[in-house]
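A quick write-up on the structure given underneath.
Within every chain, numbering begins at 1; the chains are lettered A, B, ... in the order of the sequence lines, protein sequences first and strands thereafter.
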Amino acid sequence: MSIPVLALATDHWYDLRDLANISDAILDGADKVLPFGIVYVLAALIGFVASFLIFVLPSQLYLGVYGERKIIGRIQSRYGPNRVGPFGLLQPIADAVKLLTKEALTPKESDRAVMYVAPIIFVMPAVLIFAVIPFGPRMVFANVPVSLLYFMAISSLPVIATFMAGWSANNKYSLFGAMRIVAMAISYEVPLVMALLGAVVVTSGAPYAGDFLNGLALQDMVLWSREFHIWVVFVQPLALVIYFICVSAELNRTPTDIAEAESEIVAGYLTEYSGMKWGLFYGMDIGYALGASAFAATVFLGGWTFFGLEKWVPPWMIFIGKTHLFYFLFIWTRGTLPRLRSDQLMAFAWKFLLPLALFNIFLVATERMIWSSQDYAKGLIYVFAVVNIAVSIAAVYGWARFLGYRPENTPVRPRLVKNAGGYIPVGSEANR
Amino acid sequence: MDGGGIVFAFYVLAAVTLISAAGVLVSRDLLHAVLFLILTFVGVAGLFVLLSADFIAMAQVIIYVGAIAVLILFAVLLTPRAGRNNGETKFALPGILLAVCLAAVFLFVIHDVAWTTNDEAPVLGADQLGEALLTTWVLPFEIASVLLTAALVGAIMLARTPQEEAEDALA
Amino acid sequence: MSIGIEHFLTVGALVFCLGLGIALSKRNAIGVLMGVELMLNAVNLTLITFSRFATSERPIAGHTFVVFIITVAAAEAAVALALAVSVYRNRETVDVDQFNLLRS
């Protein structure tokens, strides 16, 4: 249960590889001078400024708003924002100013209190998620032993906020959006937890520096990938795929955003929101996607480690790079895939993802038994990785075929609808 | 459990829990009552953290807030014409009187007993919980899984529409 | 000023009694269910309190009991809400004082 002390942490405050040293040095120096524990207030300020400069500003504003629109524009053969400032770089700021000066309307028949509180409740969990994410060997705010469960718990809160938003507006389309998001959250929570269970089974209990790793703590998962020189994604490829699909469904990213599908139900739960209230929902959607990306980078992509590179490059840079890489996956699917129908998404969660997740747990539990009986041999994990990648691809393909997926029936060149057995016009010769 | 932070946190969490539990009782709108219920669950989870039961606190938030409260919201949405009134029946007064009497008895007992307690929090992690569940309490654990399966089947059977039942009878 | 076992037990008892009052007095079946959930939660709080403060050989027993209670509460909520939806289909109401088909 104890969290092992890390070898990378150095004593020199100027060692930029771990910013925790600098903040410790500043706080220790300030503690000797300042009275009454003002140093705790100072710590919050330092943390806020540092996280804003190295993470929030580049990620949320420039990858989340500008980069997303630019990349999606390029994917769809458009230019994207290019008017405000050089290369359109000032577009996020212009957007924010526009939203701030816009009037935030409240419908007359709405539930005013709930409608006012909903965006606030939506913002809180997005900030709370980052409390347990390790940015470096010592750069983790709350190193709690159940941080993986903490992430699961926090990520179930925004559903309530979106429900409040949809219901309080007293609008038919808002209520449809709320209903859809509640149904989606219940459905996709199950395979999500099952997929993460696979990653926990792999990492927990492995020996590390005379102690055992705790698979429910995110820092220990990172240490696992450093100890065994392999990322969890290679041992658990199916878990990452399931996690990605489920989390993009829970976050309402575009291929699965049936809760705010603008071609079906105006804007879903956001229909009656405007101005900065809408802006909070929009901004925090990016915040949640970044949180989910950071979590995936920690659990599946090895966090701040990079096969020994973390000794030379600041680990937090590696971590932020991995987070952005995963966030790019979100952008990519958003720009590429069309939106699914509501019932298709439900069937996909229950019929496709859940059996695969159960199969994945069965597989990884078997391997875990073999591994512990072989005294945690380091070479064995690579064998498991090769086996798992092959078995996962076979399982996905086989289960899809079992459910009726036939790639050979997909036409590769255009042919007449009539020949494919499709539409026959009324009154034609064939109908007589 | 001393320390200004713990005392402050306890009183804030207790106030949140009790006020929102009272909100479930007094709010006239059913949806507001559900939202107050969610706040109560979160407050109780905070009290679990104070009692150094991290795993139980997280399980509380995941299951109660993430599943049960969302299920209740879903049930409210699925009964659209039933009315959103969270009013009382004619047995309200005796019921609340009974609750008040019970509260008086409880408070008397709690403050009259000389509790022998230990100030050292026992170290209870998720690993010990898992070990206990799969060794000492393995039989109740299996029975609980059977119960969950039965509840799953029962809920699906209960909530079917007459059309679906007719289709299944034909098949 | 310190926080002891009495404080947590008081909160648990008050939440339990509020839940009892809700379960006994509400007209809507979903409201009654919310009262029952509150009572179960108060019991959980009490068990965890005893597990934390009591001098016992196996304090983990309290946590185990809470896990079982959470399981049963989830099953109970699922069945109860399915019942409410099923009754609503037939009667277009979920008020418990309207369920009087057996009254002659």
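Evaluation of the side chain to side chain contact (heavy atoms under 4.5 Å, CB included) rule for B:Pro140 yields B:Trp137, C:Phe68 as partners, not counting sequence neighbours.
Of the two parts of C:Ala80, neither the backbone nor the side chain holds a non-hydrogen atom closer than 4.5 Å to a non-hydrogen atom of chain B. Interface residue C:Ile5: only side-chain heavy atoms are found under 4.5 Å from chain B. Within the 4.5 angstrom heavy-atom criterion, atoms from both the backbone and the side chain of B:Val34 approach chain C. For a residue to count as touching a neighbouring chain, one of its non-hydrogen atoms must lie under 4.5 Å from one of that chain's; by this rule B:Ala132 touches chain C with the side chain only. Contacts between C:Val15 and chain B at a heavy-atom distance below 4.5 Å involve backbone atoms as well as side-chain atoms. Both the backbone and the side chain of B:Leu47 come within contact range of chain C, each with at least one heavy atom under 4.5 Å from a heavy atom of that chain. Neither the backbone nor the side chain of B:Ser145 comes within less than 4.5 Å of any heavy atom of chain C.
The ring-ring contact (aromatic ring centres under 6.0 Å, His included) analysis of residues 19-58 of chain B, with sequence neighbours excluded, yields the pairs B:Phe41-B:Tyr64. Within the structure, ring-ring contact (aromatic ring centres under 6.0 Å, His included) pairs that include any residue of residues 106-128 of chain B comprise B:Phe106-C:Phe16, B:Trp115-C:Phe50 (at least two apart or interchain).
A heavy-atom distance below 4.5 Å is found between the side chains of B:Leu25 and C:Ser25.
Within residues 149-156 of chain B, the residues having any heavy atom closer than 4.5 Å to a heavy atom of chain C are B:Ala151, B:Ala155, listed by residue number.
Considering only heavy-atom pairs separated by less than 4.5 Å from chain C, the leading option among B:Leu148, B:Leu147, B:Leu102, B:Leu129 is B:Leu129.
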